[in-house]
Amino acid sequence: MDIQEKIKAIEKQIEAALQEIKSSKSLLELKMRFLGKTGEISALMKNMRDVPPEQRPNMGKILNALRQWTEEKFDNLEKSLKQLELKKRYAEEKIDVTVPGHRLPGGAFHPNTLIKNELVSVFAGMGFEIFEGPEIENDYYNFTALNTPADHPARDMQDTFYLTENLLLRTQTSAGQIRVMENKKPPIKILSPGVVYRSDDDATHSPMFSQMEGLVVDKGITLCDLKGMLDEFAKKIFGENVKTRLRPSYFPFTEPSVEVDVSCFECGGKGCRLCKGTGWIEILGAGMVNRRVLEGCGVDPDEYTGFAFGMGIERIAMLKYGINNMKLLFEGDVRFLKQFKD
Ligand code: DAH
């Protein structure tokens with residue numbers, strides 16, 4: 001076969017093969033078959049060695065023309081295939097930014113956490129610092145240093161879980177008062193939130209619950225300072241029109257001791273179910289720090305005085321949200337909890 005015929009045959013072959021090509025990947029394979037190092041056109045070029053010298057320039061021209069023609073064919077098809085493929089990819093990967101997203105179900109803060117955060121922010125606004133004491137306490141911090149020695153009848157006010165003769169699960173965050181006073185000179189203004197434990201279990205008591213303790217010690221602190229602070233606190237937590245009143249009470253670590261009521265924020269003081277017809281709701285215990293407690297911590301009670309207060313967080317949450325059974329706060333039932341989503 002003479003060379004012209006051979007070239008015609010190759011051209012035909014290429015055109016037929018290109019017809020079949022559907023992707024740039026198979027096009028590349030085909031390209032290797034003709035234009036690759038071991039491809040058919042390269043094979044023809046190699047044969048130039050056997051061509052008589054006088055025919056070589058002409059033959060070179062012919063073969064170069066073939067090579068160029070083939071390259072162009074492949075390049076053109078490659079361009080249009082690439083364009084098609086890109087178009088297809090764009091269509092497939094198109095994102096409709098107007099489609100509404102999937103909303104993930106969000107959680108809600110536990111009512112205890114909501115109240116705790118609210119209390120912390122009110123007291124932080126008055127300049128209180130946070131102190132968190134240990135949940136496993138020794139007898140000294142939980143009782144003795146709080147003017148409640150072993151034979152003191154007030155120990156029976158709280159049913160205690162003992163771990164050893166000396167170690168116990170703290171029954172009150174008041175234990176933190178001692179830890180703070182032992183380590184810091186007045187002026188002291190701390191807030192101590194945390195869980196406490198008592199062997200007690202009914203609709204309004206749980207063996208584990210949360211308290212928030214406050215302690216202020218400085219020169220010249222009086223019961224009036226306590227009352228003023230409580231008024232401010234009650235307004236912020238229960239509403240602008242709420243008043244407070246102090247009733248005499250007893251705690252071993254305060255003298256005098258008081259129980260603090262707020263006027264009923266539900267009925268405004270007229271009497272309703274929430275306040276059991278009295279117009280008042282008890283919210284916390286407080287008092288002037290007993291001088292024996294100050295002395296025991298190395299604070300001179302003739303120079304410094306202070307007040308302390310302690311409240312149950314669950315109790316405040318139940319009052320504020322109208323929850324009638326404390327168990328709801330510990331069961332973790334999502335149907336209950338999600339009602340507190342803002
Ligand atoms: N610790 C007391 C209790 O758990 C509450 C309490 C009363 C705390 C009077 C105080 C306080 O700081 O002054 O019942």
Side-chain angles (χ1 to χ4, degrees), residues 116 119 123 126 128-135 137 139-149 152-161 168-182 186 188-200 204-218 221-230 233-234 244-262 282-294 296-297 299 301 304-316 326:
K116 186 181 113 183
L119 292 171
F123 285 108
M126 298 183 194
F128 282 77
E129 282 174 66
I130 304 286
F131 169 81
E132 284 179 302
E135 286 172 37
E137 262 302 2
D139 188 277
Y140 178 78
Y141 288 103
N142 196 80
F143 288 126
T144 306
L146 287 161
N147 192 32
T148 322
H152 199 290
R155 285 220 178 186
D156 292 343
M157 286 164 84
Q158 299 165 1
D159 274 321
T160 311
F161 289 116
L168 47 83
L169 297 179
R170 69 175 174 195
T171 60
Q172 48 190 354
T173 44
S174 308
Q177 290 185 25
I178 308 302
R179 290 189 176 271
V180 170
M181 283 192 282
E182 274 183 357
I188 289 169
K189 206 168 181 188
I190 58 108
L191 193 65
S192 192
V195 287
V196 299
Y197 302 84
R198 288 182 203 177
S199 181
D200 216 349
T204 52
H205 296 90
S206 154
M208 185 198 86
F209 62 103
S210 324
Q211 284 190 333
M212 178 83 76
E213 189 86 12
L215 173 71
V216 174
V217 182
D218 202 352
I221 297 287
T222 71
L223 200 65
C224 285
D225 296 308
L226 171 65
K227 175 80 163 96
M229 187 220 68
L230 289 170
F233 148 77
T244 64
R245 75 172 183 189
L246 308 182
R247 275 182 295 107
S249 183
Y250 175 77
F251 300 102
F253 39 88
T254 43
E255 182 57 38
S257 300
V258 294
E259 255 158 342
V260 180
D261 296 342
V262 292
E282 185 196 322
I283 53 158
L284 57 85
M288 297 305 292
V289 181
N290 192 311
R291 52 186 293 131
R292 297 181 68 164
V293 174
L294 294 174
C297 298
V299 177
Y304 293 103
T305 51
F307 66 73
F309 57 92
M311 67 190 99
I313 295 196
E314 284 80 2
R315 182 173 162 74
I316 308 268
M326 201 174 199

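First listed ligand is number 1; within each ligand, the first listed atom is number 1.
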So CD of Gln211 and CD of Glu314: to nearest 0.5 Å the spacing works out to 9.0 Å
For the CG atom of Asp225 and the CZ atom of Phe307, what is their distance to the nearest 0.5 Å? 6.5 Å
Would you please name every residue forming a salt bridge (charged side-chain N to carboxylate O under 4.0 Å, His left out) with Glu213, sequence neighbours left out?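 For Glu213 there are no salt bridge (charged side-chain N to carboxylate O under 4.0 Å, His left out) partners, ignoring immediate neighbours.
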Arg292: what forms a salt bridge (charged side-chain N to carboxylate O under 4.0 Å, His left out) with it, not counting sequence neighbours?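 Arg292 satisfies salt bridge (charged side-chain N to carboxylate O under 4.0 Å, His left out) with no residue once adjacent residues are dropped.
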Sole residue of Glu137, Glu135, Gln172 in side chain to side chain donor-acceptor pair (under 3.5 Å) with Tyr197: Glu135
Go through the structure and list residues passing ring pair (Phe, Tyr, Trp, His ring centres under 6.0 Å) with Phe233, not counting sequence neighbours. Phe123
Collect the protein residues that have a non-hydrogen atom under 4.0 Å from ligand 1 and hand them over in chain and number order.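 For ligand 1, the contacting residues are Gln158, Gln172, Ser174, Gln177, Arg198, Gln211, Glu213, Phe251, Phe253, Thr254, Gly285, Ala286, Gly287, Ala308, Phe309, Gly310.
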